[in-house]
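Scope of the values below: all heavy atoms of this structure, side chains included, with no hydrogens, waters or symmetry mates. Quick caveat, the model's predicted, so the values are computed rather than measured.
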Amino acid sequence: MTRPKILFDCDTGIDDAMMLFYLAARVRAGDAELVGVGTVHGNVDSATGALNTLRVLELAGFHDVPVAVGADRPMAQDVHYAVDWHGSNGLADLDLPDPAGTPTGEPAPAQLVRLARENPGELTVIATGPLTNLGAALLLDPELPSLVREVVVMGGAFDHPGNITTHAEANIWHDPEAADLVFAADWPVVLVPLDATHPTAVGADWLARLAAHDSSVARFASQIMEWYADAYTPTLKRRGAVVHDALAALLALEPDLGEYVERPVRVELRGELTRGTTVWDARSLPASDTRRPVRVAVGSDVAAFQERLLDAVLSF
């Protein structure tokens, strides 16, 4: 089996950083190839996200992955950032040195189109931020869906409350128009919503195991995860945090560790109280829909996820 070629589209905050460590460990082990990263507004602005991505990759020993800056605002609404959850710089307000590398200068949507055309049928896109870059890429190249192997998205909520409004999950809410373009396109999409990510929350014991190691990666990961746990503990009612984005990477590389249903997915664009909500028809006799069904993760092997993530971070 050939190694999947991964393009990571992100808004690098804390859970994106943890996902990068997981993915870097899998790349180093020969399980995948990371061909590029694009950044988007979301947890932080896209330029800051690119610098954070370079910092994390360099800490993991990766100095030659191209990082492209993408959309700095949504398609049809004002931009918002998640500083309460990730810090004003996206990485727990740590005083971080500038990365050695710099972004490529190529816009992230153009990078996606180029890599898809250079690797037809081989590219797996893992998107863990708002979907503005993917939506823009679809508008740039209508043939893009036929060129991409798979799109794995962390986002949405169905039978789980939203995490930015009562019904909407943050990545989708930050750009509902772009998300709906992605779910309407004729390409294979795996969606990893809050229904799947929240049950994987790591707890105090996991955080303690991480803190017990003294490598530079483990120290950094422990620092940002303790900030994240401070933010998450009131929601979880216990010490811990949900590392949403890393689950998307795990299921991209090990899909058998997930449980799925397949249904067309739409995004509410107009509701005063429900804008940004992901919607599926869960009735026993759903209405017919012209959209291609999305493979929605509704569960995962939680213990395997937590151990694989910790093992990856401690492997550096």
Checklist entry - Distance only, no hydrogens: is a donor on one side chain within 3.5 Å (strictly under) of an acceptor on the other, for Thr53 and Thr12? => result yes
Next on the checklist: Whether Arg283 and Asp281 form a salt bridge (side-chain N of Lys/Arg under 4.0 Å from carboxylate O of Asp/Glu) is what I want to check.
Outcome noted: yes
Checklist entry - Please walk me through it: do Asn43 and Asp16 pass side chain to side chain donor-acceptor pair (under 3.5 Å)? => result CA-CA 10 Å; Asn43 294 327; Asp16 308 78; 3.0 Å; yes
Checklist entry - Can you tell me how far CG of Asp159 sits from CG of Leu194, rounded to the nearest 0.5 angstrom? => result 11.5 Å
Checklist entry - For residues Thr128 and His244, is any side-chain donor paired with an opposing acceptor at under 3.5 Å? => result no
Checklist outcome for this item: To the nearest 0.5 Å, atom CG of Asp214 lies from atom CZ of Arg219 at 4.5 Å
Next on the checklist: If hydrophobic clusters are built by linking Ile, Leu, Val, Met, Phe, Trp and Tyr wherever their side-chain heavy atoms come under 4.5 Å apart, do Leu134 and Leu34 end up in the same one?
Outcome noted: no
Checklist entry - Same cluster for Phe316 and Leu310 if Ile/Leu/Val/Met/Phe/Trp/Tyr side chains link at under 4.5 Å? => result yes
Next on the checklist: Do Arg28 and Ser315 pair up side chain to side chain, a donor and an acceptor below 3.5 Å, judged on atom types alone?
Outcome noted: yes
Checklist entry - Distance from Ile126 atom CD1 to Leu123 atom CG, nearest 0.5 Å? => result 10.0 Å
Next on the checklist: Quick one about Asp72 and Ser46 (side-chain donor to acceptor, distance below 3.5 Å, no hydrogens or angles considered), yes or no?
Outcome noted: no
Checklist entry - Between His167 and Thr277, is any side-chain donor less than 3.5 angstrom from a side-chain acceptor? => result no
Next on the checklist: Is the distance from the ring center of Trp227 to that of His86 below 6.0 Å?
Outcome noted: no
Next on the checklist: Between Arg308 and Asp301, does any side-chain N to carboxylate O distance fall below 4.0 Å?
Outcome noted: no
